A.B. asks: 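Before I ask anything, let me first share the structure, which is written out below as C-alpha cells.
Indexing begins at 1, ligand by ligand and atom by atom, following the structure's order. Computed over heavy atoms, backbone and side chain alike; hydrogens, waters and symmetry mates excluded. Worth saying up front: this structure is predicted, and the values here are computed from it rather than measured.
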Amino acid sequence: MTNDHAPFPFVPPPGLTMAEPRHKVVIVGAGPIGLAMALELAQHGVPSVVLDDNDVVSVGSRAICWSKRSLEILDRLGVGARVADRGVTWKLGRIFHRSMEVFSFDLLPEDGHKMPAFVNLQQYHVERFLIDACQAEAMIDLRFRNRVTGVAQGDVARVSIDTPDGPYSLESEYLLACDGARSPIREMLGLTFAGELFEERFLIADIEMQGDFPSERRFWFAPEFHAGQSALLHKQPDNIYRIDLQLGWDADPAVERQPEVVIPRIEKVVGHADFRLDWVSIYTFHCRRLDRFVHDRVIFLGDSAHVVSPFGARGGNGGLQDVDNLGWKLAAVLAGTAGAGLLESYDRERVFGADENIRNSTRATRFMTPETEIARLFRDQVLALAAKADFARPMVNSGRLSKPCVYPGTGPDDPRLPDCTRPGAVAQDAPLQNGWLMDRLGRQFVLLVIGGDAPEVCGLKILHLDITEVLRKRYLGDAPQAIYLLRPDQVVAARWITADADAISTAMAQVLEGAT
Ligand SMILES: Cc1cc2nc3c(=O)[nH]c(=O)nc-3n(C[C@H](O)[C@H](O)[C@H](O)COP(=O)(O)OP(=O)(O)OC[C@H]3O[C@@H](n4cnc5c(N)ncnc54)[C@H](O)[C@@H]3O)c2cc1C
C-alpha cells in the first residue's frame with residue numbers, strides 16, 4: 001500500500017485515573033467526518049474530544065473524488081490547499097458504450113472559482129491532513145484506541161470507553177456519532193437504518209502504473225473487455241488508478257479478490273500487464289438513512305446517518321456538508337445564542353440533503369446495473385441515442401456527481417435575482433480584486449452588499465463589493481444592486497434588491513430560530 005499507515009500513539013487519557021470534567025462535545029469516530037467536525041467546532045471556539053477505536057488512517061483509497069464544495073469546506077478548515085495540491089484535478093467525464101465513445105461532459109465549464117470541480121485524492125491522504133490539523137489545534141483532544149462500548153443520555157450524554165489500559169467514561173453536553181456506516185452508537189440506541197441493498201457486486205482495485213493517462217473520469221457501459229458489465233476508471237496521485245468493475249450478484253467474493261483472477265481482468269481494461277496491484281476489495285452497496293439525525297443529545301452525521309453507493313461520490317462529500325451545516329448551529333446552541341430549534345433545522349436540512357443523494361445514487365446504480373432485460377434494453381437505447389442526439393444525454397446516468405443541495409423553505413427572496421444564488425443555495429465563489437469571495441466570508445453571518453448600500457445591523461459583518469462581470473452574473477442578473485444575507489455555512493438565507501434593517505434582522509432571527 002502506498003500510504004503511510006504508521007500507527008498513532010495511544011496516550012492514556014486522564015479519565016483512567018480521575019473523573020474528567022463534563023465536556024462540551026465528544027465526537028466518536030476519527031474518519032474524515034469526525035475529524036472535520038472537530039476542526040469546524042474549534043474554529044467556532046468549541047473544544048471537543050475525538051475518540052477512535054483505531055490508530056491508523058483508512059485502509060485502501062475508499063473516497064477518492066472530493067467535490068468543489070468539499071474543497072471549499074476543507075479550505076476553511078485549513079487543509080484545502082494541501083488536498084488540492086496533492087490531488088489530481090479533473091472536470092472532464094467521458095462515457096463509452098461498448099467500444100464507442102458516446103459523449104463527454106465538463107463538470108465546471110465556467111471559470112471564476114477558487115476551487116476546481118473535483119480533486120481525486122485517496123481518503124487516507126485526506127484523513128492524514130485532517131489529523132495533522134487536529135493535532136495542531138489546542139481545542140481538539142484526539143484519542144486513538146479509545147473504543148466506545150456504551151452510550152446513555154438524559155440531561156447530558158455519557159459514553160463508556162475501552163482502552164488498552166482499561167475502561168473509563170465521559171460526559172458531554174452533546175455526543176456526535178461519526179462512527180461510520182456500521183455505527184455502533186446507532187446500534188446501541190436501537191435505531192433503524194432503513195433503505196435498500198443492491199444485489200450487485202463490484203470489484204474495486206487500485207493499481208500503480210506508469211503512463212501519461214489524462215486527468216479525466218472514464219465510464220464504460222457494457223464494454224467488450226469486461227463481458228458487457230460496467231467499468232469505471234479514475235486517476236489518483238502517485239500513479240495510482242482506481243478501477244471499478246461490475247461483477248454480478250453471483251460472483252464469489254473470496255474468488256474474485258484473488259490476484260490471479262483480478263490481474264487478467266485489469267489487463268483487459270488497461271491493455272497491458274505492466275502494473276502493480278495496490279489494493280483490492282469486493283463491495284456491495286446500500287442506500288440507507290436514519291429516520292432522524294438528531295436524537296436529543298446524540299447527533300449523527302456522515303456514514304452513521306446515511307450511506308449511498310459510491311457512483312456520484314456523494315458519501316464523504318455529503319458527510320462534509322453535514323459538518324458544514326451542523327458546526328455553526330451547534331456552536332450557537334452551546335453559546336446560548338440559539339435554541340434547540342436550530343438543531344432541528346440541521347435534522348430537516350440534512351435529511352433533505354441525504355434524500356437527494358440517495359435518490360441520485362439509486363438512479364445511477366439502477367441505470368448502470370439494470371435489473372431486468374427490459375431495463376437493459378431501455379438503457380442501451382438511451383446510450384445509442386445519446387451518441388447521436390444531445391437531448392438524450394441527460395438521460396445517461398453514470399453517476400450524477402456530488403453537488404450541494406438547495407435547502408427548501410428558506411427566507412425572503414426576490415426572484416428577479418439569479419437562480420443559482422437563491423435562498424437555500426450555497427453562495428457562489430467569485431474572483432475579487434484581491435483574492436476570492438469564499439475567503440472573505442469567514443464563519444459568521446455576513447451581509448453581502450453588491451453595488452449599493454445597506455443599513456447597519458447588529459451582529460452582522462457587512463461586506464461591500466463593487467460590481468464585476470462575474471458578480472453580476474452570479475448575484476445580480478439585471479438588477480442594479482443586491483443585498484444577500486449569508487449564513488455562517490455560506491448558504492444564502494435571504495436576498496433583496498433593497499432592504500431595511502428590520503427586514504434583515506427579522507430574516508436573521510428566523511434563521512436562528514431554525515424556522516427557515
Ligand atoms: C469503495 C468506496 C469508494 C468511495 N468513494 C467515495 C468518493 O469518491 N467520494 C466520496 O465522497 N465518498 C466516497 N466513499 C464514501 C466515503 O468513504 C465515506 O462516506 C466516508 O468514509 C465516511 O466518513 P465517516 O467519517 O462518516 O466514516 P468512516 O470513514 O467510516 O469513519 C468512522 C470512524 O469511526 C471509528 N469507529 C467506529 N466504531 C467506533 C467505536 N465504537 N468507538 C470509536 N470509534 C469508532 C472507525 O474506526 C472510523 O475511524 C466511498 C466509499 C467506498 C467504500
A.B. asks: Enumerate the atoms of ligand 1 whose separation from the nearest heavy atom of Ile204 is less than 4.0 angstrom.
C.D. replies: 1 (C)

A.B. asks: Taking Arg292 first and then Glu344, would you say they form a salt bridge - that is, a charged N and a carboxylate O separated by under 4.0 Å?
C.D. replies: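 Answer for the salt bridge query: yes.
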
A.B. asks: So is there a nitrogen or oxygen of Cys65 less than 3.5 Å from a nitrogen or oxygen in ligand 1?
C.D. replies: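 Between Cys65 and ligand 1 (N or O atoms, distance only) the closest approach is under 3.5 Å.
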
A.B. asks: What atoms in ligand 1 come closer than 4.0 Å to a heavy atom of Gly29?
C.D. replies: 33 (C), 34 (O), 35 (C)

A.B. asks: Could you tell me if Arg69 and Gln490 have a donor-acceptor pair between their side chains, going purely by distance under 3.5 Å?
C.D. replies: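 Judged by distance alone, the side chains do pair up.
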
A.B. asks: Is the shortest side-chain N to carboxylate O distance from Glu40 to Arg76 below 4.0 Å?
C.D. replies: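 Yes, this pair counts.
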
A.B. asks: Using a 4.0 Å heavy-atom cut-off, which part of Gln123 comes near ligand 1: side chain, backbone, both, or neither?
C.D. replies: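 Answer for Gln123: side chain.
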
A.B. asks: Would you confirm whether the ring centroid of Phe275 sits within less than 6.0 angstrom of the ring centroid of Tyr241?
C.D. replies: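 Distance test on ring centres: not under 6.0 Å, no.
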
A.B. asks: Under 3.5 Å, is there a donor-acceptor pair between the side chain of Arg379 and the main chain of Met368?
C.D. replies: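 Yes, Arg379 side chain to Met368 backbone: donor-acceptor pair under 3.5 Å.
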
A.B. asks: Under 3.5 Å, is there a donor-acceptor pair between the Trp436 and Asp429 side chains?
C.D. replies: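 No, Asp429 and Trp436 have no side-chain donor paired with an acceptor closer than 3.5 Å.
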
A.B. asks: List ligand 1 atoms under 4.0 Å from Arg147, heavy atoms only on the residue side.
C.D. replies: 41 (N), 42 (N)

A.B. asks: Measuring from atom 22 (C) of ligand 1, which candidate in Asp52, Asp303, Ile161, Ile64 has the nearest non-hydrogen atom?
C.D. replies: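 Residue with the shortest heavy-atom distance to the ligand atom: Asp303.
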
A.B. asks: May I ask you to check whether Ser160 and Thr149 show a side-chain donor-acceptor distance below 3.5 Å?
C.D. replies: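 On atom types as modelled, these side chains do not qualify, holding no pair under 3.5 Å.
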
A.B. asks: Could Arg186 and Phe193 be counted as a cation-pi pair, given that NZ or CZ must be under 6.0 Å from the ring centre and within 45° of the axis?
C.D. replies: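 Pair Arg186/Phe193 counts as cation-pi.
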
A.B. asks: So, does Asn146 sit close enough to ligand 1 that a heavy atom of it is under 4.0 Å from the ligand?
C.D. replies: yes

A.B. asks: In the protein, which heavy atom is nearest to atom 41 (N) of ligand 1, and how far is it?
C.D. replies: Val148 O, 3.1 Å

A.B. asks: If we only consider heavy atoms of Gly319, is any one of them less than 4.0 Å away from an atom in ligand 1?
C.D. replies: no

A.B. asks: Does a side-chain N-to-carboxylate-O contact under 4.0 Å join Asp132 and Arg128?
C.D. replies: yes

A.B. asks: For atom 10 (C) of ligand 1, which candidate among Gly318, Gly31, Gly316, Gly302 provides the closest heavy atom?
C.D. replies: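 It is Gly316 whose heavy atom sits nearest to atom 10 (C) of ligand 1.
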
A.B. asks: Any salt bridge linking Asp179 with Arg147? Criterion: basic side-chain nitrogen under 4.0 Å from a carboxylate oxygen.
C.D. replies: no

A.B. asks: Please state which option from Ile33, Asn120, Asp53, Val307 has its nearest heavy atom closest to atom 44 (N) of ligand 1.
C.D. replies: Asp53

A.B. asks: Tell me: protein heavy atom nearest atom 3 (C) of ligand 1, and distance?
C.D. replies: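 Answer, as residue, atom name and distance: Arg62 O, 3.4 Å.
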
A.B. asks: Is there at least one pair of N or O atoms, one from Asn317 and one from ligand 1, spaced under 3.5 Å apart?
C.D. replies: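 Yes, since at least one N or O of Asn317 sits under 3.5 Å from an N or O of ligand 1.
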
A.B. asks: Need the ligand 1 atom indices (1-based, order shown) with element for anything under 4.0 Å from a heavy-atom of Leu51.
C.D. replies: 43 (C), 44 (N)

A.B. asks: Just jot down the ligand 1 atoms closer than 4.0 angstrom to any heavy atom of Cys178, in number order.
C.D. replies: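 So the answer, numbered in order with elements, is 32 (C), 33 (C), 34 (O).
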
